[in-house]
A.B. asks: 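Pasting a structure below so you can have a look.
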Amino acid sequence: MKFVSIIMGSKSDYGIMKNCADTLERFGVLHEMIVSSAHRSPERTHNYVKNAEAQGARVFIAAAGMAAHLAGVIASLTTKPVIGVPMKGGAMDGMDAMLSTVQMPAGMPVATVAMGKAGAINSAYLAMQILALQDDELNIKLQEDRIMKAKKVENDSNEIEIRI
Ligand code: RP5
């Protein structure tokens with residue numbers, strides 16, 4: 001059973017990370033989602049990642065704000081790809097989380113996406129693109145989604161465009 005694992009540092013991240021789960025759901029991709037913190041519940045995080053990997057987690061998505069170490073800690077526990085989503089908020093409104101997530105030392109990568117909702121959605125897309133390397137059906141769904149997106153741009157333009 002292969003699946004995507006979403007871990008967020010606090011329940012307060014859920015409003016944004018629901019967009020990640022909803023995106024995976026829309027494509028029919030199996031996923032788990034839990035709250036576990038690098039700082040507040042380090043043992044739970046460690047145990048969950050080890051168990052999830054053994055049970056078939058293929059990609060981990062980690063969302064955290066402020067001094068966001070969650071993605072890096074997960075990267076230290078697994079060789080599966082880890083995608084980090086910096087959460088906005090705190091005194092620096094997410095800049096701290098973005099730098100904490102992206103600035104990993106060599107050999108311990110975290111694929112960091114944008115802050116907030118766009119990042120949450122992109123984390124799901126990136127996870128699916130990784131899975132699609134070995135899943136033709138999912139790859140076709142992602143290609144169809146690109147076609148739909150291009151059509152939407154054209155339709156949106158048709159509604160308002162002015163040409164000479
Ligand atoms: C991080 O601190 C969480 O990921 C959250 O984004 C931020 C604030 O957490 P709460 O104080 O709202 O629980 O660990």
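The first residue of the sequence shown is numbered 1, and numbering continues consecutively from there. Remember, it's 1-based here, ligands and their atoms both numbered in the order they're listed.
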A.B. asks: Tell me: protein heavy atom nearest atom 2 (O) of ligand 1, and distance?
C.D. replies: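 The answer is Gly65 O, 3.8 Å.
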A.B. asks: Restricting to non-hydrogen atoms, name the atom on Pro81 and the atom on Arg58 that form the minimum distance, rounded to 0.1 Å.
C.D. replies: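 Heavy atoms of Pro81 and Arg58 come nearest at CD-O, 3.2 Å.
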A.B. asks: Starting from atom 13 (O) of ligand 1, what is the nearest protein heavy atom, named by residue and atom, and what distance separates them?
C.D. replies: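 For atom 13 (O) of ligand 1, the nearest protein heavy atom is Ser10 OG, 2.6 Å.
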A.B. asks: Which one of Asp13, Ile7, Val85 has a non-hydrogen atom at the shortest distance from atom 3 (C) of ligand 1?
C.D. replies: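 That would be Asp13.
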A.B. asks: Please answer: with hydrophobic residues joined when any side-chain heavy atoms are less than 4.5 Å apart, are Met8 and Val29 in the same cluster?
C.D. replies: yes
A.B. asks: Taking all atoms of both residues into account, what is the closest heavy-atom pair of Ala75 and Val110, and its distance?
C.D. replies: CB-CG2, 4.0 Å
A.B. asks: Answer with side chain, backbone, both or neither: which part of Ala64 has a heavy atom less than 4.0 angstrom from an atom of ligand 1?
C.D. replies: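 It is both backbone and side chain that touch ligand 1.
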A.B. asks: Would you say Ser37 and ligand 1 have an N/O pair spaced under 3.5 Å apart?
C.D. replies: no
A.B. asks: If I compare all heavy atoms of Val59 with all of Ala127, which pair ends up nearest, and what's the gap?
C.D. replies: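 Closest heavy-atom pair between Val59 and Ala127: CG1-CB, 3.9 Å.
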A.B. asks: Of the backbone atoms (N, CA, C, O) and the side-chain heavy atoms from C-beta on, which set of Arg40 has a member under 4.0 Å from an atom of ligand 1: side chain, backbone, both, or neither?
C.D. replies: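 Answer for Arg40: side chain.
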A.B. asks: Kindly give the heavy-atom pair with the smallest separation between Ser36 and Thr45, and that separation in Å.
C.D. replies: OG-OG1, 2.8 Å
A.B. asks: Which heavy atom of the protein is the closest neighbour of atom 12 (O) of ligand 1, given with residue, atom name and distance?
C.D. replies: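 The answer is Ser12 OG, 2.7 Å.
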A.B. asks: For atom 7 (C) of ligand 1, what's the nearest protein heavy-atom neighbour? Residue, atom name and distance, please.
C.D. replies: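 The closest one turns out to be Met66 SD, 4.1 Å.
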A.B. asks: Between Lys141 and Asp145 (salt bridge meaning N to carboxylate O under 4.0 Å), is one present in this structure?
C.D. replies: no
